Amino acid sequence: MKNTLVVLPGPTGVGKTDIAIELALRLGCSIISCDSRQFYREMRIGTAAPDDEQLSRVKHHFTGFLSVTDYYSVSLFERDVLALLPALFAENPVVVMTGGSMLYMDAVCRGMDDIPDTDPAVRQKYLDMYRTDGIAGLRLALKMLDPGYYSRVDLRNPRRLMRALEITESTGRPYSTYLTSTARERDFRIIRAGLTRERSELYRRIELRVQDMLRKGLEEEAASLIAYRGLNALNTVGYREMFSYFDGAITREQAVSLIGRNTRRYARKQLTWWNRDSEINWFDASDTGTIISWTESALKL
RNA sequence: GGGGAGAUACCAAAGUGGCCAACUGGGGCAGACUGUAAAUCUGUUGUCUGAAGACUUCGUAGGUUCGAAUCCUGCUCUCCCCA
């Protein structure tokens with residue numbers, strides 16, 4: 001059998017963790033977590049990371065391997081996963097990857113273009129420009145530095161503008177010239193089983209999960225991380241809202257309802273992203289049996 | 001039984017004679033996205049339509065007016081206070 005990565009994309013709360021574990025046990029393989037927030041060991045409750053019992057059943061990679069203070073990125077993830085896979089395939093020709101981080105998943109499956117690292121000072125420079133001159137300032141700068149990207153980027157999205165500017169200035173080459181929009185060839189097969197549920201059911205599960213997180217101590221976890229709130233890792237649903245509550249800006253009740261709302265929005269955004277991926281075969285996450293049998297037959301092909 | 005307040009689109013809620021198919025928020029639906037991505041940003045949401053536009057809406061039945069979600073009357077319902 002050719003080495004195969006079984007990818008299970010799915011919106012937050014759909015039940016990926018359980019299904020991935022069941023599938024991995026069946027296949028006797030380990031799991032690569034593709035969740036950019038479960039990377040951090042300090043953020044277990046709010047990210048619904050697999051618990052110790054689940055971790056003891058199947059070997060998971062890329063969960064809790066970073067501290068919130070560590071720098072990490074999509075391309076590092078791509079690099080690290082590709083570096084790990086040969087060892088995993090040596091044990092078993094199948095590896096399961098699941099998670100909700102769309103871009104990270106695409107990075108592993110299709111690759112990112114090679115773009116040099118940027119100078120943090122340059123990033124700061126454009127952040128300052130945005131603060132002082134607003135979006136108009138960024139647009140003006142980008143129009144001069146990278147007209148090609150300017151003509152097709154979403155000019156209302158400051159993040160995209162700042163990113164392009166920092167690359168262009170740091171490397172001395174227009175950001176758009178790095179973008180090839182061609183997928184990388186992988187030396188393993190990839191099969192994709194998307195996990196979804198009826199929207200109302202998904203939302204119900206999200207609500208229950210928020211309650212569950214609170215029971216498990218989300219508030220305490222967030223409180224313990226408040227010193228790091230400025231870090232990107234903490235710009236995350238569940239933590240942001242708790243920080244607002246600690247600030248006294250909103251009530252605890254409001255924070256809880258905002259966590260629910262923002263989680264639903266995130267789930268929808270995930271589905272939008274994967275919607276355009278025609279290679280995903282979708283399954284109802286409540287039907288684990290079908291998912292397993294489909295995967296097993298796909299592996300035999 | 002008496003007095004008062006109110007009934008607006010999926011929900012909440014603004015509007016109180018023409019600028020209203022109706023602010024805003026939620027929810028829904030849809031979209032963008034190449035190292036901050038659980039981030040960041042966008043569109044749409046009465047019906048028909050590609051669009052222009054047409055048509056039907058603001059509890060309900062009438063009325064006033066060139067014109068009504070907005071004014072008047074009856075009715076129905078909801079809430080509050082007094083009994």
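The shown structure was predicted, so the numbers you read here are calculated from the model rather than taken from an experiment. Because only heavy atoms are used, hydrogens play no part in the values below, and waters and symmetry mates are left out as well, while side chains stay in. Residue numbers start from 1 in every chain, and the chains themselves are labelled A, B, ... in the order their sequence lines are given, proteins ahead of strands.
With A:W274 as the aromatic partner, A:R276 does not meet the cation-pi criteria of under 6.0 angstrom to the ring centre and within 45 degrees of the ring axis.
Between B:rA69 and B:rU8, the two P atoms lie 15 Å apart (nearest whole Å). Taking the C1' atoms as reference points, B:rU47 lies 28 Å from B:rC66, given to the whole Å. Between B:rU24 and B:rU70, the two P atoms lie 22 Å apart (nearest whole Å). Comparing B:rC20 with B:rU45, their P atoms sit 16 Å apart, to the nearest whole Å. Distance noted for atom C1' between B:rG3 and B:rA22: 33 Å (whole Å). Taking the P atom of each, B:rG67 and B:rC19 are spaced 15 Å apart, rounded to whole Å. To the nearest whole angstrom, the two P atoms, one in B:rU42 and one in B:rC77, are 47 Å apart. For the C1' atoms, the distance from B:rG26 to B:rA14 is 15 Å, rounded to whole Å.
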If you apply the rule side-chain contact (heavy atoms from CB on, under 4.5 Å), what do you find for A:Y175 with A:L142, and how did you get there? CA-CA 10 Å; A:Y175 174 63; A:L142 185 66; over 6 Å; no
In sequence, state the C-alpha distance, the side-chain angles, and the governing distance for A:Y178 and A:Y149, and then conclude on ring-ring contact (aromatic ring centres under 6.0 Å, His included). CA-CA 11 Å; A:Y178 291 102; A:Y149 193 61; over 10 Å; no
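Rounded to an integer number of Å, the gap from CD of A:E198 to P of B:rG28 is 14 Å. Rounded to whole Å, atom P of B:rU40 lies 19 Å from atom CG of A:L165. The CG atom of A:N232 sits 8 Å away from the P atom of B:rU36 (whole-angstrom rounding). When rounded to the nearest whole Å, the span between CG of A:D106 and P of B:rG35 equals 12 Å. With rounding to whole Å, A:W273 atom CH2 is found 15 Å from B:rU40 atom P. Atom-to-atom, CG of A:L231 to P of B:rA37 comes out at 12 Å; the value is rounded to the nearest Å. Distance, A:N235 CG to B:rA39 P: 7 Å, rounded to whole Å. Atom CZ in A:R268 sits roughly 4 Å away from atom P in B:rG28 (whole-Å rounding).
Contact check, A:T12 against B:rA38: no side-chain N or O comes under 4.0 Å of OP1 or OP2. Note on A:R199: a side-chain N or O is less than 4.0 Å away from OP1 or OP2 of B:rC29. At least one side-chain nitrogen or oxygen of A:R265 sits closer than 4.0 Å to the OP1 or OP2 atom of B:rG27.
For A:F246, the CZ atom is densely surrounded, since the number of other residues' heavy atoms within 6.0 Å is greater than 12. Annotation: A:R26, atom CZ; neighbour count of heavy atoms from other residues, nucleotides and ligands within 6.0 Å does not exceed 12.
Among the nucleotides B:rA39, B:rG26, B:rA38, the one closest to any side-chain atom of A:R261 is B:rG26. Candidate nucleotides B:rG31, B:rU36, B:rG27 were compared by shortest atom distance to the side chain of A:N275, and B:rG31 ranks first. When each of B:rU36, B:rG31, B:rU40 is scored by its nearest atom to the side-chain atoms of A:R240, the top-ranked nucleotide is B:rU40. For A:Y175, the listed nucleotide lying nearest its side chain is B:rG35; candidates were B:rA38, B:rG35, B:rU42. Comparing B:rU42, B:rG35, B:rG26 against the side chain of A:S75 picks out B:rG35 as the nearest. Nearest nucleotide to the side chain of A:Y203, out of B:rA37, B:rG27, B:rA38: B:rG27. Across B:rG35, B:rU42, B:rU40, the shortest atom-to-atom separation from the side chain of A:M112 is found for B:rG35.
At a threshold of 4.0 angstrom between heavy atoms, the contacts of A:R37 include nucleobase atoms, whether or not backbone atoms are also involved. Counting non-hydrogen atoms under 4.0 angstrom, A:T263 reaches nothing in the nucleic acid. At a threshold of 4.0 angstrom between heavy atoms, the contacts of A:N262 with the nucleic acid are absent. Using a 4.0 Å heavy-atom cutoff across all strands shown, A:G238 reaches no nucleic acid atom at all. Using a 4.0 Å heavy-atom cutoff across all strands shown, A:F39 reaches no nucleic acid atom at all. Heavy atoms of A:Y104 sit under 4.0 angstrom from primed sugar atoms or phosphate atoms, though from no base atom. Within the nucleic acid shown, A:T118 has no heavy atom closer than 4.0 Å to any nucleic acid atom. Within 4.0 Å of A:T236, counting heavy atoms only, lies at least one base atom of the nucleic acid. In this structure, A:T180 reaches the bases: a heavy-atom distance under 4.0 Å links it to at least one base atom across the strands shown.
Taking only distance into account, the side chain of A:K269 meets the base of B:rA39 through a donor-acceptor pair shorter than 3.5 Å. Side-chain atoms of A:R159 and base atoms of B:rU36 include a donor and an acceptor less than 3.5 Å apart.
Using a 4.0 Å cut-off between a side-chain N of Lys or Arg and a carboxylate O of Asp or Glu, A:R184 and A:D106 do not qualify as a salt bridge.
The residue among A:D117 and A:M102 whose nearest nucleotide of RNA chain B lies closer to the 5′ end is A:D117. Summary of the strand contacts: A:P158 and A:R264 both lie near RNA chain B, and taking for each the nucleotide with the nearest heavy atom, the more 5' one is attributed to A:R264.
Among A:V96, A:L88, A:V108, the one residue that satisfies the side-chain contact (heavy atoms from CB on, under 4.5 Å) test with A:I32 is A:L88.
For B:rG31, the base adopts the anti conformation, since its glycosidic angle falls more than 90 degrees from zero.
Pairing for B:rU56 is absent, judged as Watson-Crick or G-U wobble with the two contacts each under 3.5 Å. When Watson-Crick and G-U wobble pairs are counted only if both distances are under 3.5 Å, B:rU44 pairs with B:rG28. Summarising the base pairing, B:rC71 is matched to B:rG63 through a Watson-Crick or G-U wobble pair whose two defining distances lie under 3.5 Å. When Watson-Crick and G-U wobble pairs are counted only if both distances are under 3.5 Å, B:rA7 pairs with B:rU76.
Ring to ring, A:Y72 and A:Y104 are not that close: their centroids are 6.0 angstrom or more apart.
By the 30° and 60° cut-offs, the orientation of the rings of A:F62 relative to A:F77 is perpendicular.
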